[in-house]
Amino acid sequence: MAETGGALEGQVKQLHQLMRERQAAEQAHQRETEQVQQQVDRLRADVAESREAHRNQRQSVETLAAEQAELQAERQRLEGELANIGAAAAPIAQQMRDRVARGIPFRRTERTQTLEHLVATLNGDDPLQQAEGLTGLWTLLGEELRLSTSIDFWNDTVDLPDGRRKHAYIARLGLVQQTFVSEDGQSVGLAGLQDELPWHTTLSEREGRQVRDAASIFQQQQPPQFTPVPLALPTDGGEE
């Protein structure tokens, strides 16, 4: 009986040991399972985050594409409007160019060349250049208005129709007349309009006196007063 009891006690101890080992193995397995589950959860979170980022990126790309399409459409609309405005402004610039060519010789070449360039720009197909042309035309309109309402008086050389060159006092009266009186007082002239000759020096006695009186007033040799000045304006047919 003693041997049987000792053997039974040994078996119970072995059973308890096996149970402890099994319990420890189950706990280790549980910990490993939990660690694996945590890793799986992190991977799932990473995948979800990646999917969300991809979805947001795709939405951003789609939004950007839509905005670019809107900007392109707006650009095309503006370019169309610029083309229409340029087409409407080009004849105005051409009329100004023709008027300058028929007017007094004051910076005539410079002004006509500027307007010819503006006409070509406004008739072109480059929207940016057309915009610059419109700005240039607006600026030139302001300058022409300023010239038309101002008077200038300066000293310079003039080329006479007979080939002589003299120092003279030159007056510009708006954009309707330009006159000169030579420094020696012997020559006077009116601007030639749309002529190869810049000056007309064959004036009547009354016209010559009027030009000299105006020059004397500009030089403060006479008190300011109303003084008529002969005008040489082109007619509708282009004649003086």
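Count residues from 1 along the sequence.
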Rounded to the nearest 0.5 angstrom, the NE2-OG1 distance for H200 and T179 is 13.5 Å

For this session: Measure the shortest side-chain to side-chain distance between R212 and V188 over non-hydrogen atoms and say whether it is less than 4.5 angstrom.
Result: yes

Note to self: With a 6.0 Å cut-off (strictly less than), is the heavy-atom count around CG of D125, excluding the residue itself, greater than 12?
What the structure shows: no

Rounding to 0.5 Å, atoms CG (L175) and CG (L145) come to a distance of 9.5 Å

For A90 and V119 the tightest heavy-atom approach is O-CG2, 4.0 Å

Contacts of D98 meeting side-chain hydrogen bond (donor to acceptor under 3.5 Å, both in side chains) (sequence neighbours excluded), chain-then-number -> Q94

With side chains defined as the heavy atoms from C-beta onward, is the minimum distance between I104 and V176 less than 4.5 Å? no

(Q) Tell me if a side-chain donor or acceptor on Q130 pairs with a main-chain N or O of G124 at a distance below 3.5 Å. (A) yes

Sequence neighbours excluded, the answer for ring-ring contact (aromatic ring centres under 6.0 Å, His included) partners of W154 is F106

Using side-chain heavy atoms (C-beta onward) and a distance below 4.5 Å, is R97 in contact with L118? no

Heavy-atom closest pair (T109 atom, T112 atom, distance to 0.1 Å) is O-OG1, 2.9 Å

Sequence neighbours excluded, the answer for side-chain hydrogen bond (donor to acceptor under 3.5 Å, both in side chains) partners of R172 is S150, D152

Tightest non-hydrogen contact, residues R164 and S187, listed as NH2-OG, 4.3 Å

From the list T201, T157, N155, L190, side chain to side chain contact (heavy atoms under 4.5 Å, CB included) partner of F180 resolves to T201

Students often mix this up, so state it plainly: with edges at 30° and 60°, are the rings of F153 and F218 parallel, tilted or perpendicular? parallel

Rounding to 0.5 Å, atoms NZ (K166) and CG (D159) come to a distance of 12.5 Å

Closest heavy-atom pair, V100 versus L115, reported as atoms and distance to 0.1 Å, is CG2-CD1, 3.9 Å

CD1 (I92) and CG (L122) are apart, to the nearest 0.5 Å, by 9.5 Å

Rounding to 0.5 Å, atoms CG (L137) and CD (E132) come to a distance of 13.5 Å

Are there over 12 heavy-atom neighbours, none belonging to R99, within less than 6.0 Å of that residue's CZ? no

Smallest heavy-atom separation, S182 atom then A168 atom, equals CA-CB, 3.6 Å

Atom CZ of R146: over 12 foreign heavy atoms under 6.0 Å
yes

query: With the threshold set at 4.0 Å, does a side-chain nitrogen-carboxylate oxygen contact exist between E144 and R111?
result: yes

